[in-house]
Amino acid sequence: DTNSRLCMASSVAGHRRGVEAVRGVVKACMARGVQALTLFAFSSENWRRPKEEVNFLMQLFLKALEQEVEKLHGNGIRFRVIGDLAAFDSVIVDHVRRAEALTAGNERLTLTVAANYGGRWDILQAANRCREESPGAEITEERLSSHLCLNYAAEPDLFIRTGGEERISNFLLWQLAYTELYFTDLLWPDFNEAAIDDAIASYRQRERRFGRTSEQLRHAAENAAAR
């Protein structure tokens, strides 16, 4: 009906602007010395969206792979995709694998795109791989972590959620255990350089204790300065 068509048109425009926002955020992160950026592009739950919207997102993903990877490579960016790619068309998977191979040696920034990804799925597949690797052996944190999708990167320092939602939405559930959370009412297409600076400023005001007390952190800093 008319209402559904209007909603779809709005979604399409928003997704297109979202791709433009990715370009700006990647550029801003490089300028600020960020070493790793992970973007939640398509969750395992997003298949529940209207078929027309899902099809458009797949087309947009393929187009981005075709047009942006060479630029990423030229800027020294390593590109990775995490998630269950088995559900995607083989053309998309082929482009992903070629992009990862092309940029594998780049070190300026690691850009990871989570596609058909879910945090619960990630933990479950890692546990299953541990079991297959050593049946009957204890599954430790170290072993499980080594099989998570993001095992090539350190745990995130800062998680940013746009759009006024204040939840993690099944994203990197294991990795975000001690990550600082930042929520903003800005929609993703409007998330720009100034918004990144606001998020970083908020992060810098946090005290990251990792289970310790403020006094312990202070003493550790004093001891380090005295050496």
Side-chain angles (χ1 to χ4, degrees), residues 11-12 14-29 34-50 53-65 68-69 72 77-88 92-93 95-96 99-100 109-126 145 148-192 195-196 198-200 202-203:
S11 296
V12 166
H15 292 316
R16 285 199 177 109
R17 289 185 56 211
V19 173
E20 296 173 7
V22 170
R23 297 189 189 104
V25 167
V26 169
K27 182 178 179 181
C29 284
V34 174
Q35 296 178 328
L37 172 65
T38 303
L39 302 175
F40 204 3
F42 191 85
S43 77
S44 51
E45 291 78 27
N46 284 155
W47 295 107
R48 302 170 185 168
R49 292 191 175 191
E53 183 176 354
V54 171
N55 288 340
F56 175 78
L57 285 169
M58 294 301 105
Q59 294 170 11
L60 195 62
F61 188 23
L62 179 58
K63 185 176 181 181
L65 288 167
E68 304 295 331
V69 171
L72 295 175
I77 297 172
R78 184 186 184 192
F79 178 77
R80 298 289 299 267
V81 175
I82 60 173
D84 185 5
L85 297 187
F88 292 120
I92 290 179
V93 177
H95 274 77
V96 167
E100 290 179 330
L109 169 74
T110 297
L111 171 63
T112 300
V113 173
N116 194 26
Y117 175 90
R120 291 177 176 175
W121 166 85
D122 195 7
I123 295 171
L124 182 61
Q125 66 86 27
S145 296
L148 292 171
C149 287
L150 208 60
N151 59 10
Y152 53 85
E155 293 183 353
D157 295 306
L158 178 63
F159 167 86
I160 300 172
R161 179 67 192 264
T162 60
E165 305 287 358
E166 297 188 3
R167 60 174 180 267
I168 296 174
S169 295
N170 199 21
F171 185 49
L172 298 178
L173 296 181
W174 179 277
Q175 296 88 342
L176 295 182
Y178 278 99
T179 297
E180 296 296 323
L181 309 182
Y182 178 83
F183 302 101
T184 175
D185 290 334
L186 282 175
L187 298 175
W188 172 250
D190 300 319
F191 195 79
N192 54 23
I196 291 178
D198 288 342
I200 293 175
S202 174
Y203 169 79

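Numbering starts at 1 and runs along the sequence shown. Everything quoted here is computed from the prediction, not taken from an experiment.
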Exercise. Listed by chain and number, what are the ring pair (Phe, Tyr, Trp, His ring centres under 6.0 Å) partners of Phe159, not counting sequence neighbours?
Worked result: none
Problem set entry | Distance (rounded to the nearest 0.5 Å) between Thr110 OG1 and Arg80 CZ | 8.0 Å
Exercise. Can you say whether the rings of Tyr117 and Trp121 are parallel (under 30°), tilted (30 to 60°) or perpendicular (over 60°)?
Worked result: perpendicular
Exercise. With no hydrogens and no angle check, is any side-chain donor or acceptor of Asn116 less than 3.5 Å from a backbone partner on Asp84?
Worked result: yes
Exercise. Is a side-chain donor or acceptor of Asn170 paired with a backbone partner of Arg120 at a separation under 3.5 angstrom?
Worked result: yes
Exercise. Do you know which of Ile82, Val81, Thr112 makes side-chain contact (heavy atoms from CB on, under 4.5 Å) with Cys149?
Worked result: Ile82
Problem set entry | Pairwise distance OG1(Thr38) to CG(Leu111) - rounded to 0.5 angstrom | 8.0 Å
Problem set entry | Residue pairs fulfilling side chain to side chain donor-acceptor pair (under 3.5 Å) with at least one residue in residues 176-186, sequence neighbours excluded | Glu180-Arg206
For this session: Specify the closest pair of heavy atoms between Gly163 and Leu187, including all atoms of both residues, with the distance to one decimal.
Result: CA-CD2, 3.8 Å
Problem set entry | Value rounded to 0.5 Å, distance of CG in Asp122 from CG in Leu172 | 7.5 Å
Exercise. Atom CZ of Phe40 and atom CD1 of Ile160: how far apart are they, to the nearest 0.5 Å?
Worked result: 15.5 Å
For this session: Measure the shortest side-chain to side-chain distance between Leu60 and Phe42 over non-hydrogen atoms and say whether it is less than 4.5 angstrom.
Result: no
Seminar exercise, completed: To the nearest 0.5 Å, atom NZ of Lys63 lies from atom CG of Leu65 at 12.5 Å
Problem set entry | Heavy-atom side-chain contact between Trp188 and Val25 under 4.5 Å | yes
Problem set entry | Residues, nucleotides or ligands: over 12 heavy atoms within 6.0 Å of Glu165 CD | yes
Problem set entry | Close side-chain approach of Tyr152 to Leu150, heavy-atom, < 4.5 Å | yes
Problem set entry | Phe171 six-ring face occupied by Arg161 cation (under 6.0 Å, within 45°) | no
Seminar exercise, completed: For Asn46 and Val54, the nearest pair of non-hydrogen atoms, with its separation, is O-CG2, 3.7 Å
